[in-house]
*Asks:* 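One structure follows; several queries about it will come next.
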Amino acid sequence: MSENRINRREFLKGLGVLGLGTLAASSPWLSAFSEVKETTHERARLGIIGPGSRGRFLMSFIAQNPKAEIVALADVYQPSLDEALKIVPTAKAYKDYRRLLEDKTIDAVVVATPLHTHCQIVLDAFEAGKHVYCEKTIGYDLQQCFDMYCKHIDTGRIFFTGQQRLFDPRYIKAMDLIHRGTFGKITCVHTFWNRNGDWRRPVPSPNLERFINWRLYKDTSHGLMTELACHQLQVGTWAMGCLPVKVMGSGAITYWKDGREVYDNINCIYTFADGRMMTFASDIANKFYGLEEQIMGDLGTVEPERGKYFFEDIDPAPAFMQMINDWENNLFGNIPFAGTSWAPETANENHGEYILGRRPDSDGTSLLTEAFVEAVIRGKQPPRIAEEGYYASLLTLWGHNAIERGEILPFPTEYQIDYNVYNTKLTKA
């Protein structure tokens with residue numbers, strides 16, 4: 001078993017998944033595991049469309065799942081197929097994904113191709129009767145995202161997106177505490193994702209530059225917004241429990257002046273109806289502050305990526321810290337990376353407390369892929385999975401549009417979908 005793979009059985013045992021308890025409101029998608037015992041002897045047949053670096057990362061988890069069988073691969077780039085076949089030598093390999101979709105024995109596909117190709121592949125997969133896991137951002141523009149979501153609804157096929165924080169134990173616990181009111185009213189969310197590197201991949205031939213480094217060019221990517229912001233904006237609205245009403249932003253190429261077309265430095269401000277704000281910033285010429293979501297309430301702050309929370313003025317009473325410790329041990333006590341937050345000798349020091357004892361070795365991807373397999377076997381879409389992924393993509397592309405136009409843009413209500421969590425309704429035919 002990979003060291004980065006959470007033991008699902010132990011996770012579910014600690015979770016008490018048959019009755020989800022207080023987590024149902026914050027993370028109802030965990031219901032994907034509710035019938036895990038009943039699917040023990042069943043198996044889902046999967047095809048991987050785009051087994052490049054990200055696709056093979058997902059394969060590394062799926063290939064270990066006894067309930068999943070990777071039976072086919074599709075990629076226009078032969079070296080990617082060759083590497084993927086090392087993981088699953090028995091899989092059929094295709095250059096044209098449409099041939100993979102013709103195989104009626106395949107239940108579902110994982111789409112991990114470049115951004116600009118997602119939409120047509122996903123639409124074709126739904127039309128072929130396949131369930132779909134699509135990497136984020138799901139579409140190249142707002143209309144594509146809307147078309148993909150509507151096709152999911154029309155066909156009744158399962159739709160997962162690559163929002164792995166929905167299954168990350170740090171975030172699950174943090175959101176439960178936030179929604180209980182532990183940190184008071186959430187007043188703002190600051191998110192950032194900083195790196196120090198040119199984001200380039202080596203190319204074997206100059207004519208493959210735009211093909212391999214597609215993230216750097218506007219006709220195939222929107223850069224930092226679509227590759228990074230999609231994760232953190234979803235965390236922000238998850239915490240806030242609503243959608244913003246306007247956005248403004250700015251971007252520039254300030255350091256990596258190497259022929260790229262997408263920005264290496266961006267900032268966006270999203271404003272909610274009551275004036276609260278959520279920000280996203282990314283710079284790839286300095287990695288000191290790394291990545292984080294700073295979720296700020298009037299009683300405290302949560303930094304889920306770091307795995308810590310802080311109270312504002314006074315330390316919580318030892319009884320409260322003991323309650324938190326009992327909570328995490330009941331929920332995550334059997335996961336190897338979960339430690340203890342509370343200790344009597346530190347309960348009166350205001351240095352923050354760890355959500356899970358220390359930073360875990362997984363970001364939730366293993367549980368996300370296992371939930372997808374469970375959903376495919378059961379043929380049942382878990383609540384809120386598709387909607388959270390859709391709105392995360394919408395927020396990302398909306399922010400990108402504000403940056404490109406240099407304008408304050410209102411929420412694109414024509415792309416609303418039926419989602420009671422954010423009180424939105426489908427308004428576009």
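This is a predicted model, so every value here is computed, not measured. Computed over heavy atoms, backbone and side chain alike; hydrogens, waters and symmetry mates excluded.
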*Asks:* By the definition salt bridge (charged side-chain N to carboxylate O under 4.0 Å, His left out), identify the one residue from Lys218, Arg210, Arg215 that meets it with Glu261.
*Replies:*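 Going through Lys218, Arg210, Arg215 one by one, the salt bridge (charged side-chain N to carboxylate O under 4.0 Å, His left out) with Glu261 is satisfied by Arg210 alone.
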
*Asks:* Under 3.5 Å, is there a donor-acceptor pair between the side chain of Thr424 and the main chain of Asp418?
*Replies:*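 Flag not set: sc Thr424 to bb Asp418 has no pair under 3.5 Å.
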
*Asks:* Verify the ring-centre separation between Phe167 and Tyr171: is it less than 6.0 angstrom?
*Replies:*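 They do not qualify: ring centres at least 6.0 Å apart.
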
*Asks:* Out of curiosity, Asp75 CG to Leu73 CG, how far, rounded to the nearest 0.5 Å?
*Replies:*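 Asp75 atom CG to Leu73 atom CG measures 9.0 Å (nearest 0.5 Å).
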
*Asks:* Just by distance, do the side chain of Ser282 and the backbone of Trp193 share a donor-acceptor pair under 3.5 Å?
*Replies:*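 Yes; at least one donor-acceptor contact below 3.5 Å.
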
*Asks:* Is a donor from one side chain sitting under 3.5 angstrom from an acceptor on the other, for Thr237 and Tyr391?
*Replies:*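 Tyr391 and Thr237 do not have a side-chain donor-acceptor pair below 3.5 Å.
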
*Asks:* Would a line drawn from the ring center of Tyr390 to the ring center of Tyr419 be shorter than 6.0 Å?
*Replies:*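 Ring centres of Tyr419 and Tyr390 not closer than 6.0 Å.
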
*Asks:* With a 3.5 Å distance limit and no angle check, can you tell me whether Asp264 reaches the backbone of Ile284 through a side-chain donor-acceptor pair?
*Replies:*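 Side chain of Asp264 to backbone of Ile284, a donor-acceptor pair under 3.5 Å: no, none is there.
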
*Asks:* Does a salt bridge link Glu292 with Arg306, judged by any charged N lying under 4.0 Å from a carboxylate O?
*Replies:*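 Salt bridge absent between Glu292 and Arg306.
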
*Asks:* Output yes when Lys67 and Glu42 qualify as a salt bridge under the 4.0 Å nitrogen-oxygen rule, no when they do not.
*Replies:*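 No, Lys67 and Glu42 are not salt-bridged.
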
*Asks:* Please determine, by modelled atom types, if Asn267 and Thr279 share a side-chain donor-acceptor pair under 3.5 angstrom.
*Replies:*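 The criterion, which ignores hydrogens and geometry beyond distance, is not satisfied for Thr279 and Asn267.
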
*Asks:* How are the rings of His152 and Phe126 set to each other: parallel, tilted or perpendicular (split at 30° and 60°)?
*Replies:*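 Correct class here is tilted.
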
*Asks:* Measuring centre to centre across the rings, with the benzene-like ring taken for any Trp, is Trp214 within less than 6.0 Å of Trp199?
*Replies:*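 Not under 6.0 Å, so no.
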
*Asks:* Taking the basic N atoms (NZ, or NE/NH1/NH2) and the acidic carboxylate oxygens, is any pair closer than 4.0 Å for Arg54 and Glu135?
*Replies:*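 The answer is yes: the pair qualifies as a salt bridge.
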
*Asks:* Any ion pair linking Lys151 and Glu127 (charged N to carboxylate O, less than 4.0 Å)?
*Replies:*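 Result for this pair is yes, salt bridge flagged.
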
*Asks:* Please determine if Arg43 and Glu69 form a salt bridge, counting it only when a charged side-chain N lies under 4.0 Å from a carboxylate O.
*Replies:*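 Between Glu69 and Arg43 there is a salt bridge, with a charged N closer than 4.0 Å to a carboxylate O.
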
